[in-house]
There are 2 protein chains.
Amino acid sequence: MATHSRGIIDRAPSLADTVAVRLREEIVSGRLRPGEKLPTEQQISETYGVSRPTVREAIGRLKHDGLVITRQGAGAFVADPGAVSVFRLDIADFSNREEIRNIVELLMAVEASATEHAAVRRTEADLKAIQTQLDAMQQAIIRGESGVDEDLAFHRAIIEATSNPFFRDMSDFLDRRVRNFIRTARTNTARLAGLTDAVQAEHQAIFNAIERRDAGGARNAAETHLKNAAQRLALYLNP
Amino acid sequence: MATHSRGIIDRAPSLADTVAVRLREEIVSGRLRPGEKLPTEQQISETYGVSRPTVREAIGRLKHDGLVITRQGAGAFVADPGAVSVFRLDIADFSNREEIRNIVELLMAVEASATEHAAVRRTEADLKAIQTQLDAMQQAIIRGESGVDEDLAFHRAIIEATSNPFFRDMSDFLDRRVRNFIRTARTNTARLAGLTDAVQAEHQAIFNAIERRDAGGARNAAETHLKNAAQRLALYLNP
DNA sequence: GATAACCAAGTTGCCTGACAAGTAGGAAAT
DNA sequence: ATTTCCTACTTGTCAGGCAACTTGGTTATC
């Protein structure tokens, strides 16, 4: 977790990045206590041998993440951990098997709960939107396509029905990330053939539970669907 | 969600902040497509009437959030959404009732799943650590204290047993945030008296399920505990 | 004419130096 | 002793400039 990768492409970290990382360490490690004043930009620039604008950029990052607060004329101070209002989910290397497993676990937790809430709170319009995507998926299967996009749209429609923006944004992010990985990881889509019917059956089960406002049923259906999806994902990784 | 607050204290946003927000809007709204090149720093500085360092700071934020990638000599480009590797959870105003409800929902989803996984994966050392915190909580009750810190430590010990850093970091953040809110929201701790025994019974139930490696039982126990906690939280909000 | 080497314009990364705006603590005046 | 004011310090912002790198066209070579 301490590793700070730049995503897919391993670009050389900028000076501001390295300074930001080291300052961040000072804070999370506790060497700089909450409320304590950071060294002045002048001092930091001297200790790290970089210019003040670079230091400003680094501190700007920490400020953006809510770790420090700056007051013009006074200085920069370590924020109270309880008051930090932003959380960063940093998926560094997607090649790491364990990291994928951890992410999928998180995705399952969020998506299963979201489905459960959707079953309770869905409006008629929500239900109709979900059914539309379900039908689109069916059409894609008939056309012999993989239906990855329709699959994603189906889940999005469900998530939308939770009317909880946190669930929406988060599973949006995780979904996109995982599916993007699948798309690039699998070399032949042929392996998917024959599985689509099973996927669709699981989708239907989820839909039915949401339709009859069965919270527990929706959660169970979503969980089995996700568990199966995780197994299918494992297939791509273990040929 | 579009609103971009600076946390608790409403400080005047810096120029870099406002530029960053507007550029972010250009991207998420889709006016700037993935892969597309952003205007040069020079052009941006002219359109917004700010200096180039300020623009650099703004772009640095977007880069930090994984929304754009810059290539020296080439320019700044909108990142592929599927490749964005960082997710920001931005809890703007904690005074908003609906926002709290949404956050608590997310916390419940994560923590219940984490407890379930902990039951399966816990080591003997994990179990011992959890029990230690359970005992500490008991001692706090005997001493007549609220035991908020011990409560937090108990949950942390469980989360630690999941050995999933994403669960750990996330519930760490949410826990701290919610509990911090409780701490500041309640005016009299007396209202808590008499409830601690009930809380401790729920804790015991969670512990027992984890001890016998009962995944479903652990989830159920955690869910009822969280549901009750949410109700107790509602008490603070609706006197 | 096709290919390769090269060059020049453009862009980001980083620096120095400077001034404005705001803060905090002590000095001076009451 | 209290209040006012001032000065040093710190962050916010700007201007200008050079180095490193990319890109596309131009030129030289075969």
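Protein chains get the first letters and strands the later ones, always in sequence-line order, with residue 1 at the start of each. Here the structure is a predicted model, which is why all the values come from computation and not from measurement.
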Completion exercise
Distance col, row A:Phe154:CZ vs A:His203:NE2, nearest 0.5 angstrom, shows 5.5 Å
Completion exercise
The nucleotide from D:dT22, C:dG13, C:dT23 with an atom nearest the side chain of B:Ala74 is D:dT22
Exercise for the section: Would you check if A:Leu89 and A:Leu106 make a side-chain contact, meaning some heavy-atom pair closer than 4.5 Å? Expected result: yes
Exercise for the section: Take the protein atom CD1 of B:Ile44 and the nucleotide atom P of C:dG10, then report the distance between them rounded to whole Å. Expected result: 18 Å
Problem - For atom CD of A:Gln42 and atom P of C:dC15, their distance in whole Å - result: 13 Å
Exercise for the section: Please lay out, stage by stage, how A:Val68 and A:Ile59 fare under the test side chain to side chain contact (heavy atoms under 4.5 Å, CB included). Expected result: CA-CA 8 Å; A:Val68 308; A:Ile59 291 182; 4.3 Å; yes
Exercise for the section: Write down the distance between NZ (A:Lys63) and C1' (D:dT10), rounded to a whole number of angstrom. Expected result: 13 Å
Problem - Side-chain N,O (A:Thr70) to OP1/OP2 (D:dT10) below 4.0 Å - result: no
Problem - Touch class at under 4.0 angstrom, heavy-atom based, for B:Leu15 against every strand present - result: sugar-phosphate
Completion exercise
Result for 5'-nearest mapping on DNA chain C, choosing between A:Thr54 and B:Leu38, is B:Leu38
Practice task
Go through the steps to decide whether B:Phe173 and B:Ile91 satisfy the test side chain to side chain contact (heavy atoms under 4.5 Å, CB included), and finish with yes or no.
Solution key: CA-CA 11 Å; B:Phe173 168 71; B:Ile91 306 181; 3.8 Å; yes
Fill in the blank from the handout: To the nearest angstrom, the CD-C1' distance between A:Gln43 and D:dT11 comes to 13 Å
Completion exercise
From the candidates D:dC14, D:dT11, C:dT23, the one with an atom nearest any side-chain atom of A:Arg71 is C:dT23
Handout entry: B:Glu36 side chain to B:Arg33 backbone, donor-acceptor under 3.5 Å
Key = yes
Fill in the blank from the handout: Picking from C:dC14, D:dT11, D:dC21, the nucleotide nearest the side-chain atoms of B:Arg56 would be C:dC14
Practice task
May I have the step-by-step check of side chain to side chain donor-acceptor pair (under 3.5 Å) for B:Arg88 and B:His64, ending in yes or no?
Solution key: CA-CA 11 Å; B:Arg88 274 176 65 92; B:His64 186 52; over 6 Å; no
Handout entry: Sequence-aligned protein contact record of nucleotides 4-9 of chain D, with B where the base is within under 4.0 Å of a protein heavy atom and S where only the sugar-phosphate is
Key = ------
Completion exercise
Taking every heavy atom of B:Pro165 against every heavy atom of B:Ser163, the minimum-distance pair comes out as CD-O, 3.8 Å
Problem - 5' precedence on DNA chain C between A:Gly49 and B:Lys37 (nearest-nucleotide basis) - result: B:Lys37
Handout entry: Closest to side chain of A:Val50, choosing from D:dG12, C:dC15, C:dG13
Key = C:dC15
Handout entry: Nucleotide D:dC14, atom P - distance to OH of B:Tyr48 in whole Å
Key = 14 Å
Fill in the blank from the handout: Assign each of A:Ala76 and A:Pro53 the nucleotide of DNA chain D bearing its closest heavy atom; nearer the 5' end lies the nucleotide of A:Ala76
Problem - Whole angstrom value for the distance that separates C1' of C:dG10 from CD of B:Glu41 - result: 12 Å
Practice task
Would you kindly give the CG-to-P distance between A:Leu62 and D:dT11, to the nearest whole Å?
Solution key: 13 Å
Practice task
Using only heavy-atom distances, decide whether a donor-acceptor pair under 3.5 angstrom links the side-chain of B:Arg52 to the base of C:dG13.
Solution key: yes
